[in-house]
There are 2 protein chains.
Amino acid sequence: MKENTNKYTIGIEATLEIIRGKWKGIIVYHLTTGRKRTYELRKLMPNLTQKVLTQQLRELEKDGIITRIIYNQIPPKVEYEISDYGWGLINILDSVCLWGEEHLDKVYGDKALVLKAESDVNF
Amino acid sequence: MKENTNKYTIGIEATLEIIRGKWKGIIVYHLTTGRKRTYELRKLMPNLTQKVLTQQLRELEKDGIITRIIYNQIPPKVEYEISDYGWGLINILDSVCLWGEEHLDKVYGDKALVLKAESDVNF
DNA sequence: CGGTATCCGACCTGATACTG
DNA sequence: CAGTATCAGGTCGGATACCG
């Protein structure tokens, strides 16, 4: 059943719904550097299991954030890419990320900066 | 035990962690219109139980987003207010909200606009 | 009035095994 | 290589009852 369709009161809820998934932020982050194959994503996120990865990718696809490109061949090949629509969200989230990093600085001090240095992109 | 201190890889994770709670967005939203007493918040969000409200407020407080003002008196009086630090986040989230609203338009069409009209503030 | 304690169910995530 | 199925564990939110 579950007719719990209590829709959002404010825009933030809608956005949150989309990136709430534990890994979605990181997945999208990795896609900002370019189209990726499934196993590439797996290598980039070793702690993320196949199942959950697929799951989260499906949701992101459903929300129109990413595009799934299927090469019909053997062995299978699938690539994921941020859609034009998705880029709109990402550009916005960029400032959120900056805030988040500053927040980390405040809360954890320098420790938080370690990982930051590992990437060029902010998001 | 649980030494799962796998800290964030990117800023977005930190921010998400803060507003991930199901009600946090809405709570903060209501506080944007000014300092509120506990029972005022409860009236504004009838579907939110006392326990969860307190819970989410505590977390927001821990993260420095809101301030808890305790009047030491009988009967008790407590007020919640967005901190200066919290406003920093909110200003940023504002553009996220706009995106969210547009997303709603895209996904649900006009239906999504109903609630939008009920408030002056974007967030 | 504001908050804590306890219990429970739903959901989300993860481990493992298997399919085309 | 990419994805599905199944099952188990943890976390979160919600209902209820009680305390200062």
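Residue numbers begin at 1 in each chain, while the letters A, B, ... track the order of the sequences. Everything quoted here is computed from the prediction, not taken from an experiment.
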Once you round to the nearest 0.5 Å, how far does CD of Gln56(A) lie from NZ of Lys22(A)?
9.5 Å
Counting only heavy atoms and a strict 4.0 angstrom limit, can you tell me which residues of residues 56-79 of chain B come near DNA chain D?
Gln56(B), Pro76(B)
Which residues pass the side-chain hydrogen bond (donor to acceptor under 3.5 Å, both in side chains) test with Arg20(A), sequence neighbours left out?
none
In this structure, how many angstroms lie between the P atom of dG14(D) and the CG atom of Leu53(B), rounded?
11 Å
Does dG13(D) have OP1 or OP2 under 4.0 Å away from a side-chain N or O of Gln55(B)?
yes
All N/O pairs under 3.5 Å across the protein-nucleotides 16-19 of chain C interface:
none

Degree of bending in the helix from dC1(C)-dG20(D) to dG20(C)-dC1(D) once both end axes are built from five pairs, to 10°:
40°
Using a strict heavy-atom distance below 4.0 Å, which residues from residues 37-46 of chain A are in contact with DNA chain D?
Arg37(A), Thr38(A), Tyr39(A)
Linking Ile, Leu, Val, Met, Phe, Trp and Tyr by side-chain heavy atoms under 4.5 Å, what else ends up with Tyr71(B)?
Ile69(B)
Partner residues of Arg58(A) under the side-chain hydrogen bond (donor to acceptor under 3.5 Å, both in side chains) criterion, sequence neighbours left out
Tyr80(A)
With sequence neighbours excluded, tell me which residues meet salt bridge (Lys or Arg N to Asp or Glu O under 4.0 Å) with Glu79(A).
Arg35(A)
According to salt bridge (Lys or Arg N to Asp or Glu O under 4.0 Å), who are the partners of Glu102(B), at least two apart in sequence or on a separate chain?
none
Residue-phosphate contact under 4.0 Å: Trp23(A) side-chain N/O, dG14(C) OP1/OP2
yes
Can you find a pair of side-chain heavy atoms, one from Thr38(A) and one from Lys77(A), that are under 4.5 Å apart?
no
For dT11(D), does either OP1 or OP2 sit under 4.0 Å from a side-chain N or O belonging to Lys22(A)?
no
Which residues share a side-chain contact (heavy atoms from CB on, under 4.5 Å) with Ile92(B), sequence neighbours left out:
Ser95(A), Val96(A), Trp99(A)
Looking only at atom types and distance, does a side-chain atom of Ser83(B) sit under 3.5 Å from a main-chain N or O of Ile65(B), one as donor and one as acceptor?
yes
Separation between CG (Asp94(A)) and CD1 (Ile90(A)), nearest 0.5 Å, reads 9.0 Å
Quick one: which residue pairs count as a salt bridge (charged side-chain N to carboxylate O under 4.0 Å, His left out) with a foot in residues 60-76 of chain A, not counting sequence neighbours?
none
Which residues satisfy the side-chain hydrogen bond (donor to acceptor under 3.5 Å, both in side chains) test with Tyr39(A), sequence neighbours excluded?
none
I need the Gln55(A) CD to Lys24(A) NZ distance, nearest 0.5 Å.
9.0 Å
